[in-house]
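One structure below.
By convention here, the first residue in the shown sequence is residue 1. Owing to the predicted nature of the structure, the values given are computational and were not obtained by experimental measurement.
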Amino acid sequence: MPEKTYHIGVEATMDVIGGKWKTVILCHLRHQTMRTGELARAIPQISQKMLTQQLRELEGDNIIVRHVYKEVPPRVEYSLSTYGESLVQILHELCVWGEENVDRRRSEGENVHILSRDDVPTNA
């Protein structure tokens, strides 16, 4: 493997969980094990190709675990690995900060909101 040098610790963190979708995926998985279709419904803006790519990268970094059930058709579920669970507090803090930011922006007159988990369709 080639040598990798980071100038600050957050670079190493963002190398693993950075980008638009990885933290969103991880925030969903911190609550429960989910199938690919459930993640796609929970994150409707992500394409199937991008979801698959992000899941593979997170699995490759040992952040999530992919479990394939020997069924027809095969059922695949994703969950946080033990290592990935070490991110739960960080993910929680990011969510809290985001909620507080939305509240601040709303109080300043911006038309912005966060859907609750109950607003996400579970079957489609």
Side-chain angles (χ1 to χ4, degrees):
M1 252 187 210
E3 182 177 317
K4 212 168 211 182
T5 302
Y6 299 103
H7 294 91
I8 189 170
V10 74
E11 280 183 90
T13 304
M14 297 309 290
D15 196 28
V16 175
I17 66 166
K20 185 173 181 177
W21 300 113
K22 287 182 182 177
T23 51
V24 175
I25 292 166
L26 293 172
C27 281
H28 285 290
L29 292 178
R30 76 188 163 109
H31 295 295
Q32 63 189 349
T33 296
M34 297 178 80
R35 296 174 71 171
T36 308
E38 292 172 321
L39 282 165
R41 285 188 293 279
I43 314 167
Q45 311 91 324
I46 193 171
S47 69
Q48 184 63 46
K49 179 182 176 184
M50 181 59 70
L51 177 59
T52 300
Q53 176 185 330
Q54 299 295 279
L55 289 169
R56 285 182 182 154
E57 289 177 13
L58 288 166
E59 183 183 12
D61 287 327
N62 299 313
I63 302 298
I64 63 170
V65 175
R66 179 178 185 258
H67 190 269
V68 180
Y69 293 87
K70 305 237 187 259
E71 300 174 357
V72 177
R75 178 170 47 119
V76 179
E77 292 182 340
Y78 294 92
S79 61
L80 291 180
S81 66
T82 302
Y83 182 52
E85 288 179 11
S86 68
L87 291 166
V88 167
Q89 185 60 39
I90 295 166
L91 295 168
H92 174 75
E93 292 298 326
L94 287 170
C95 288
V96 168
W97 188 91
E99 291 163 2
E100 291 171 353
N101 179 48
V102 166
D103 289 345
R104 180 191 59 79
R105 291 164 57 189
R106 194 175 317 132
S107 73
E108 293 175 356
E110 190 173 342
N111 185 12
V112 60
H113 65 278
I114 297 174
L115 293 176
S116 74
R117 287 181 34 205
D118 297 332
D119 295 330
V120 176
T122 55
N123 52 2

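Cluster annotation: Leu91 is not connected to Val96 through the hydrophobic network of ILVMFWY side chains, with a link wherever side-chain heavy atoms come within less than 4.5 Å. Ile64 and Val76 fall within the same hydrophobic cluster, defined by Ile, Leu, Val, Met, Phe, Trp and Tyr side-chain heavy atoms under 4.5 Å apart, directly or through other members.
By the side chain to side chain donor-acceptor pair (under 3.5 Å) test, Arg106 is found to be paired with no residue, residues two or more places apart in sequence or in another chain being considered. By the side chain to side chain donor-acceptor pair (under 3.5 Å) test, Asn101 pairs with Arg104, sequence neighbours left out.
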Worked verdict on Trp21 versus Leu51 for side-chain contact (heavy atoms from CB on, under 4.5 Å) | CA-CA 8 Å; Trp21 300 113; Leu51 177 59; over 6 Å; no
Working for side-chain contact (heavy atoms from CB on, under 4.5 Å), residues Ile90 and Thr13 = CA-CA 11 Å; Ile90 295 166; Thr13 304; 5.6 Å; no
* Under the side-chain contact (heavy atoms from CB on, under 4.5 Å) criterion, do Leu55 and Arg66 qualify, and how do the steps go? -> CA-CA 9 Å; Leu55 289 169; Arg66 179 178 185 258; over 6 Å; no
Point to revise | Check against side-chain contact (heavy atoms from CB on, under 4.5 Å), Ile63 and Lys22 | key: CA-CA 10 Å; Ile63 302 298; Lys22 287 182 182 177; over 6 Å; no
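Other residues, nucleotides and ligands place more than 12 heavy atoms under 6.0 Å from the CZ atom of Arg105. Counting non-hydrogen atoms of other residues, nucleotides and ligands closer than 6.0 Å to OH of Tyr83 gives a total of 12 or fewer.
When all heavy atoms are compared, the tightest approach of Ile17 to Thr23 is O-CG2, 3.4 Å. Contact detail for Cys27 and His31: the closest heavy-atom pair is O-CD2, 3.3 Å. Smallest separation of non-hydrogen atoms from Arg35 and Glu38: N-OE1, 2.7 Å. Between Gly98 and Ile114, the closest heavy-atom pair is O-CD1, 4.1 Å.
For the side-chain contact (heavy atoms from CB on, under 4.5 Å) with Leu58, the lone residue among Val65, Leu80, Leu26 that qualifies is Leu26.
Between Leu39 and Leu29, the closest side-chain pair of non-hydrogen atoms falls below 4.5 Å. In this structure the side chain of Ile46 never reaches within 4.5 angstrom of the side chain of Val24, judged on heavy atoms. With contacts defined as side-chain heavy-atom distances shorter than 4.5 Å, the pair His92/Gln89 qualifies.
Side chain of Glu100 to backbone of Trp97: no donor-acceptor contact under 3.5 angstrom is found.
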